[in-house]
Amino acid sequence: MSEDPCDEIRGLAESAGAEIVAELTQKRHDIQLGTYIGSGKLAELKELAEAKEADVIIFDNDLSAGQARNLERAMGIKVLDRSEVILDIFATRARTPESRLQVELAQLEYSLPRLKNMWTHLSRQAGGGSIGLRGPGETQLEVDRRIADTRIRDLKRKIVEVQSRKEREVQSRSEEFTVSIVGYTNAGKSRLMNRLTDAGVYVENKLFSTLDTRTRRWAIPDFGQVLLSDTVGFIRDLPHHLVASFKATLEEARQARLLLHVVDASNPLAEKHILAVNSVLKELNCADKPTILVLNKVDRITDMTLLDILKAQHPKAVVISGATGVGVRELTDTVIESLSSHFLAAEVTVDAGNGKVLAYLNAHAEIFRQEFRDSNVVIRCYLPKHLLHYIQHPNVTVRLLEVGETAPAR
Ligand SMILES: Nc1nc2c(ncn2[C@@H]2O[C@H](COP(=O)(O)OP(=O)(O)OP(=O)(O)O)[C@@H](O)[C@H]2O)c(=O)[nH]1
Ligand SMILES: [Mg+2]
């Protein structure tokens with residue numbers, strides 16, 4: 001099984017719109033404090049970058065503000081670290097006002113220490129007597145810094161506003177049964193969501209194509225209706241500021257009663273991705289939530305031993321292809337099994353004029369038989385247990401169904 005450690009950064013760079021002209025790797029036990037890599041490697045990198053006429057050099061690790069500056073100065077080429085690339089991708093993909101605010105904050109917070117570092121460095125130069133730099137230089141930098149600080153405060157205030165609005169929305173939906181699709185970026189979450197709900201969620205072969213949570217109604221055949229939400233893709237070592245900023249985006253996963261953890265099983269790093277997602281779920285206090293592991297993209301797997309290893313490791317996982325539909329029925333059955341304890345089969349007898357209860361059942365129950373008796377409608381359906389009290393009313397009769405009275409075998 002070949003695991004190329006550069007695959008991910010390559011994917012990230014391409015998602016950010018970069019064209020890769022050369023790669024350089026080095027195994028090191030210790031890092032050089034000032035420039036991360038040693039002087040020999042630095043010279044080699046500079047030469048390679050010049051020969052290939054590179055515009056930017058991307059490091060697959062995080063660099064301190066000082067290291068980034070030193071590297072840029074030594075090579076005369078823009079240097080980005082892993083977090084900056086991820087932030088850049090987030091910036092170009094953010095679609096709604098909320099995610100734009102979150103990304104801008106994350107970028108500012110990430111770059112502020114770098115700017116400060118630059119300011120300190122410049123003012124030290126100024127203090128050293130460089131004529132012409134001191135006065136206006138310092139003033140301009142102070143102004144910039146104040147603008148950045150003000151903007152950060154402003155963004156934080158706006159985000160709190162958006163978050164509390166969003167929390168109210170999520171809470172008002174908490175009566176609903178929510179299933180959340182989570183997983184590593186590019187695992188095929190949106191594609192699966194589309195397959196299950198015909199939601200028309202944006203699918204693209206780029207990392208992080210979904211930045212905002214999308215929620216759709218999913219009428220599970222012969223079962224009941226739940227809300228299905230698609231979430232932003234996880235990634236290992238997500239930049240610290242993004243984890244904080246994207247808490248609101250993942251609110252749906254926190255509120256969900258069941259998680260579908262989708263994995264790209266055709267990726268040799270699948271097991272690592274599973275672990276990375278599990279650790280984010282833990283941070284979100286979702287570790288104990290009922291979760292179905294979904295081994296996706298089975299149509300792309302050429303080496304079946306890869307799949308066997310994953311299956312041995314996760315015997316309860318469901319193998320599917322969101323692209324071809326293979327295994328989706330089995331996945332639906334597993335979801336039904338997991339949700340069954342939360343749903344009941346009932347016969348509801350309600351006055352035909354009771355529009356409120358009828359509309360409620362239409363929206364939340366899976367009706368499998370309906371007939372008129374006198375002025376009543378008699379409805380047999382699957383109903384989320386926790387919604388039962390909504391239809392309990394003196395003029396509504398609810399009778400739980402016996403085995404044999406329910407819908408034909410699923
Ligand atoms: N071959 C194959 N490709 C798939 C399958 N599911 C998804 N893909 C492809 O994988 C890529 C990513 O799919 P998405 O559904 O956007 O992935 P995602 O998990 O939502 O990604 P992010 O939103 O970026 O986290 C797209 O090119 C899909 O067409 C599958 O079952 N088989
Ligand atoms: Mg997506």
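In listed order, ligands and their atoms are each counted from 1. Along the sequence shown, the residues carry numbers beginning at 1.
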Exercise for the section: Answer yes or no: is there an ion pair linking Arg10 with Glu23, defined by an N-O contact shorter than 4.0 Å? Expected result: yes
Report yes if some N/O of [X] lies less than 3.5 Å from some N/O of ligand 1; otherwise report no.
X: Asp230; value: no
X: Asp299; value: yes
X: Arg300; value: no

Fill in the blank from the handout: At under 4.0 Å between heavy atoms, what of Thr185 touches ligand 1? The answer is both
Practice task
Classify the contact between Val298 and ligand 1 as side chain, backbone, both or neither, using a heavy-atom distance cut-off of under 4.0 Å.
Solution key: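 Near ligand 1, Val298 shows nothing, with every heavy atom at 4.0 Å or more.
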Problem - Closest contact, heavy atoms only, Leu105 versus Ile159 - result: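 Shortest heavy-atom separation between Leu105 and Ile159 comes out as CD2-CD1, 3.7 Å.
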Practice task
Taking all non-hydrogen atoms of both residues into account, name the closest pair between Gly327 and Val318 and its distance.
Solution key: O-CG1, 4.2 Å
Completion exercise
Quick note on ligand 1: atoms under 4.0 Å from a heavy atom of Gly233 include exactly 25 (O)
Problem - Which of the ligand 1 atoms, numbered from 1, are nearer than 4.0 Å to a heavy atom of Gly322 - result: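 In order of number, 31 (O).
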Problem - Per atom 30 (C) of ligand 1, closest listed option by heavy atom (Ala265, Ala323, Ser190) - result: Ala323
Handout entry: The one among Ser266, Gly188, Ala187 that brings a heavy atom closest to atom 13 (O) of ligand 1
Key =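 Of the listed residues, Gly188 has the closest heavy atom.
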Practice task
Could you tell me whether the Mg ion (ligand 2) has an N, O or S atom of Ser190 under 2.8 Å away?
Solution key: yes
Exercise for the section: Begin with the C-alpha distance, continue with both residues' side-chain angles, and end with the deciding distance and a verdict on salt bridge (Lys or Arg N to Asp or Glu O under 4.0 Å) for Asp149 and Arg153. Expected result: CA-CA 6 Å; Asp149 279 335; Arg153 264 201 309 278; 6.0 Å; no
Problem - Side-chain donor-acceptor contact under 3.5 Å, Thr305 with Asp303 - result: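 Yes.
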Handout entry: Flag for Asp299-Thr324: side-chain donor and acceptor within less than 3.5 Å
Key =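 Result is no, nothing qualifies.
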Problem - Trace of the side chain to side chain donor-acceptor pair (under 3.5 Å) decision for Glu8 with Tyr184 - result: CA-CA 12 Å; Glu8 186 169 278; Tyr184 212 75; 2.6 Å; yes
Problem - Crowding at CD, Glu19 (>12 non-hydrogen neighbours, <6.0 Å) - result: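 Counting neighbours around CD of Glu19, 12 or fewer heavy atoms of other residues, nucleotides or ligands fall under 6.0 Å, so no.
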Handout entry: Min heavy-atom dist Gly183 to ligand 1 below 4.0 Å
Key = no
